[in-house]
Amino acid sequence: MSDAELKRKAQRINSVSPSFCLAKWQQVTIDLVNGTNHSCHHPKRHAIPLDEIAINPSALHNTQYKKEQRKLMLEGKRPPECGYCWTMEDCGSQYSDRIIKSTDPWAYPQLEKISKMPWDANVNPTYVEIMLDDLCNFSCMYCMSDISTGVAQEMKKFGPYNIIHNDHRMGSKKEIDRTPYLTAFWKWLPEIIQDLEVLRITGGEPLLSPEFDKVLKFLETSGHERLTFVVNSHLGHAGRRMDEFTDKIDRLLKLGKIGKFELYTSVDGQGLQAEYMRHGLNYSTLINNIYRVQQRLPGTELVVMATLNILSLGSLQGLLEDLVEIKKFYPMVSLDVSYLRHPEYLRLNIATPDLLERLHHALKWMEDNTPLYFNEHELKKLANIAQWSSRPDIGVEGLQLRKFFYFIEEYDRRKNRSFLEIFPEYKNFWLVCKERIFNSAFVRPEGAAPVVPWSELPRDGV
Ligand code: SF4
């Protein structure tokens, strides 16, 4: 979209009201496991009331709460839950996500219709992301038990991580009866399918879910060519399961029951280090499956999402190099980097300078391979993250470093791994973490492994 067109569209959006955002009507992420939703992904998820979906399945999206947020927008008032955009706009950002999302192809064509609707109307969204199931055989380092049975099983076996303030991967999962949400979804989907432009399935791991199979069967009869079908998968599957999956997608494409297929997968480093971060991952299987999808579904847009965290720094460049090898044959494979926000003790910006140097080296290498293998957008995202990470945050008295230390000790114990064997380049960082523990007034959590005082540490290693 040209600047002039974006400007014209932004003016039209603001003419409805200066706080109007089409994402509140047209986009939704629904979690059928925990009974929550949000429009868009910035506001916190809110509960889907059971009494509302009992009489109106569209309340999976059109909750009374959300309708009240829409009313505020139509009146030119700012819903507090959209603080992310108000902050951007108050800081002088020309185009906040409110404008970016409202001008997306699945949103903007709906503007005239939506702006004339009463605030409490039930609306068919055009972009639906749905978490059908939490079934997953991985237990990734920063994942939570409410979205992965793999993490939930770990919690059941070992209990919560005994970290300062107990702020991550905590507690037992609150079991709720998901039947009413699933029932409402299967009633609602046939009503909205003809208006849908993007249907995105997330998890858990969709390829393990019987509900996902039902979606594929549903599309065989009720899909349409205007639909972009998107799947998030960890791609950690044996060849046979992958072949069955790609055959089904191929059939939907050939029948014209979907117009386009996109696949998103996740990996945060290379090789053994990537496997450490995402427990259950086999790195070679993942890479083979990227090739497999490209060979069996030519032209599929496949996005490798890397959530960069403190442990990504050891092998980020290796991951970039592997991606280049893939991109040489399959340019439809792209990289989308973001940075991990929670938990804070796994964030990039607790890194010591020697580790940050690795990030800048990887960025330089990426620059050298742009535009031949990476595009400006891919490069810019990594450059922004590199800039952000150089603002260190180790917390009061190195709180985040201490938390990191306790987390890794326990993670190793649970997974029978040895951090420094897999991450030898983190030796200095590990020593710094240990030193923070010895030199702080902090009281160790009950049951945590003993820590060797700094003065007794071997000088050549840990
Ligand atoms: S105003 Fe911003 S935070 Fe609110 S729904 Fe729109 S894009 Fe999301």
Side-chain angles (χ1 to χ4, degrees), residues 1 3 5-31 34 36-49 52 58-131 192 195-200 202 228 230 232 264 305 336 338-339 341-342 377 381 384:
M1 192 183 329
D3 279 356
E5 193 184 357
L6 182 59
K7 194 170 172 198
R8 183 183 58 75
K9 287 183 173 173
Q11 278 169 353
R12 177 66 191 104
I13 292 159
N14 287 334
S15 75
V16 179
S17 109
S19 61
F20 180 67
C21 176
L22 279 162
K24 201 64 80 197
W25 281 260
Q26 293 307 133
Q27 184 180 36
V28 64
T29 298
I30 303 171
D31 173 348
N34 300 292
T36 61
N37 84 85
H38 55 175
S39 303
C40 65
H41 64 283
H42 292 309
K44 268 171 64 177
R45 293 173 184 223
H46 66 273
I48 299 167
E52 290 188 32
S58 99
L60 286 171
H61 168 46
N62 298 298
T63 59
Q64 187 59 31
Y65 167 82
K66 198 181 292 171
K67 288 175 180 175
E68 278 152 24
Q69 310 314 301
R70 293 172 182 162
K71 182 169 185 280
L72 290 174
M73 285 186 164
L74 288 169
E75 291 169 348
K77 296 175 188 154
R78 290 175 159 188
E81 66 168 16
C82 295
Y84 179 84
C85 281
W86 316 139
T87 305
M88 278 176 81
E89 291 179 14
D90 292 344
C91 289
S93 163
Q94 196 181 1
Y95 300 120
S96 65
D97 273 14
R98 179 174 72 85
I99 300 297
I100 304 292
K101 282 180 181 286
S102 296
T103 49
D104 268 337
W106 47 263
Y108 194 76
Q110 312 299 323
L111 187 144
E112 297 306 324
K113 184 179 82 183
I114 296 293
S115 62
K116 291 187 185 106
M117 277 182 163
W119 64 271
D120 56 354
N122 291 319
V123 179
N124 284 359
T126 41
Y127 189 123
V128 170
E129 180 178 42
I130 193 107
M131 175 177 161
I192 61 167
D195 289 326
L196 264 189
E197 292 182 25
V198 181
L199 176 61
R200 181 167 180 158
T202 181
T228 298
V230 188
N232 287 10
Y264 285 69
M305 298 184 292
D336 185 18
S338 58
Y339 68 88
R341 289 175 173 78
H342 301 290
H377 178 72
K381 285 197 87 173
N384 286 345

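For reference, positions follow the sequence shown, starting with 1. Atoms within each ligand, like the ligands themselves, are counted from 1 in listed order. The basis for the numbers below is simple: all heavy atoms, side chains too, and nothing from hydrogens, waters or symmetry mates.
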query = Between the side chains of Gln26 and Thr126, is a donor N or O closer than 3.5 angstrom to an acceptor N or O?
reply =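 The answer is yes; a qualifying pair exists.
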ask   = What ring-ring contact (aromatic ring centres under 6.0 Å, His included) pairs are there with at least one residue in residues 100-119, not counting sequence neighbours?
value = Trp106-Tyr127
key: Sequence neighbours excluded, every pair satisfying ring-ring contact (aromatic ring centres under 6.0 Å, His included) that has a member inside residues 64-104   =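 For residues 64-104, and leaving out neighbouring residues, the ring-ring contact (aromatic ring centres under 6.0 Å, His included) pairs sorted by first residue read His42-Tyr84, His46-Tyr65.
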message = Closer than 2.8 Å to atom 6 (Fe) of ligand 1, what protein N/O/S atoms do you find?
response =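 The answer, once waters are left aside, is Cys21 SG.
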query = Does any pair with a residue in residues 107-121 pass salt bridge (Lys or Arg N to Asp or Glu O under 4.0 Å), and if so which ones, sequence neighbours excluded?
reply =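 Output for this query lists Arg12-Glu112, Glu112-Lys116.
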Under-4.0 Å salt bridge between Lys24 and Glu81 =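 Yes.
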task = With rounding to the nearest 0.5 Å, note down the distance linking CD in Glu68 to OG1 in Thr63.
result = 8.5 Å
